Amino acid sequence: MTDQINPCQTCATNQECCKVMGLKLSKREFEKHFKKHSGRLSVIKYNKMFIVYPRNKLPCPYWDENKGCGIYEERPIDCRLYPFDLHKIIEKNGVIEIEFYDQTDCPHKEVLFMPVDEAKGLMMKLAREVYGEDKPIKIEFISGKKTKRQYGFLNPIVAWLSKTFRTYR
Ligand code: SF4
Ligand code: SF4
């Protein structure tokens with residue numbers, strides 16, 4: 001996507017997605033991009049995934065008001081998926097369960113959506129990296145809305161615990 005046609009530059013939410021974060025990352029993605037910034041992030045390790053949130057109302061460490069994402073070409077899969085909302089990616093009883101939504105607050109989602117099958121492919125790639133090649137994957141696409149990029153009902157509790165006690169160092 002070129003700068004000329006990048007709709008994120010005229011985002012009515014003021015690039016909310018890069019400020020709310022809640023990114024679900026593989027260990028490799030976390031260590032490559034976010035570990036060195038963990039002092040300004042809340043990091044939750046949950047079910048082999050690393051989930052990162054901003055602290056002190058700061059945006060993603062790679063966000064630049066003028067230039068946008070500083071690692072755009074190598075941004076994590078969860079960033080590539082947006083405005084699809086990767087709500088759940090866990091291993092449960094030997095099965096990888098993935099759930100994602102298509103209704104976020106992104107004002108340009110109709111332009112930015114990739115085909116659903118392409119999004120599923122990226123999620124499966126992330127799942128294989130985190131959980132290995134051999135486990136079955138159950139993937140569910142829900143055409144609906146989540147109010148925030150959440151990690152289920154546990155999110156508020158886990159985020160609070162993480163901000164309070166478990167910030168990754
Ligand atoms: S993906 Fe959507 S919400 Fe995020 S900066 Fe672009 S237009 Fe805004
Ligand atoms: S890595 Fe880039 S796209 Fe992802 S949240 Fe940070 S600034 Fe936004």
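Ligands are counted one by one from 1 in listed order, and the atoms in each one are counted from 1 as well. Worth saying up front: this structure is predicted, and the values here are computed from it rather than measured. For the numbers below, each heavy atom of this structure counts, side chains included, while hydrogens, waters and symmetry mates do not.
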For side chain to side chain contact (heavy atoms under 4.5 Å, CB included), just list the numbers for Y46 and I51, CA-CA rounded to whole Å, side-chain angles, deciding distance to a tenth of an Å, and then say yes or no. CA-CA 7 Å; Y46 181 79; I51 310 168; 4.1 Å; yes

Take D105 and E16 through the test side chain to side chain contact (heavy atoms under 4.5 Å, CB included) and record every step on the way to the result. CA-CA 9 Å; D105 293 330; E16 175 85 357; 5.9 Å; no

Go through the steps to decide whether Y72 and Y62 satisfy the test ring-ring contact (aromatic ring centres under 6.0 Å, His included), and finish with yes or no. CA-CA 9 Å; Y72 188 80; Y62 294 105; over 10 Å; no

For the pair T13 and C106, evaluate side chain to side chain contact (heavy atoms under 4.5 Å, CB included) and give the outcome as yes or no after the intermediate values. CA-CA 7 Å; T13 73; C106 173; over 6 Å; no

Determine, stepwise, if the pair L23 / F34 fulfils side chain to side chain contact (heavy atoms under 4.5 Å, CB included). CA-CA 10 Å; L23 300 177; F34 294 97; 3.8 Å; yes

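The contact set between ligand 1 and C106, taken as ligand atoms under 4.0 Å from a residue heavy atom, comprises 1 (S), 2 (Fe), 3 (S), 7 (S). Heavy-atom contacts of T13 reach the following atoms of ligand 1: 3 (S), 8 (Fe) (cutoff under 4.0 Å). Within the listing of ligand 2, atoms 3 (S), 5 (S), 7 (S), 8 (Fe) sit less than 4.0 angstrom from a heavy atom of C18. Atoms of ligand 2 found under 4.0 Å from any heavy atom of W63 (numbered from 1 in listed order, with element): 7 (S). Atom numbering of ligand 1 starts at 1 in the shown order; those under 4.0 Å from a heavy atom of C17 are 1 (S), 3 (S), 4 (Fe), 5 (S).
Under 4.0 Å from ligand 1, not a single heavy atom of D105 appears. Only the side chain of I71 comes within contact range of ligand 2, with a heavy atom under 4.0 Å; no backbone atom does.
Residue contacts to atom 4 (Fe) of ligand 2: C79 brings an N, O or S atom closer than 2.8 Å. Among the atoms of H108, none of the N, O or S atoms falls under 2.8 Å from atom 8 (Fe) of ligand 1.
Looking from atom 2 (Fe) of ligand 2 to the surrounding protein, the closest heavy atom is C69 SG, 2.4 Å. Counting only heavy atoms of the protein, atom 6 (Fe) of ligand 2 lies nearest to C60 SG, 2.3 Å. Scanning all protein heavy atoms for the shortest distance to atom 8 (Fe) of ligand 1 gives C11 SG, 2.3 Å.
Listed here is the closest heavy atom pair of M114 and L81: CE-CA, 4.1 Å. Contact record, R128 with D134: NH1-N, 4.0 Å, taken as the closest heavy-atom pair.
Checked options V52, L126, I71; the residue passing with P76 is I71 (criterion: side-chain contact (heavy atoms from CB on, under 4.5 Å)).
Residue contact check for ligand 1: Q15 places a non-hydrogen atom closer than 4.0 Å to it.
Ion pairing between a basic and an acidic side chain is recognised when a charged N comes within 4.0 Å of a carboxylate O; K24 and E129 show no such pairing.
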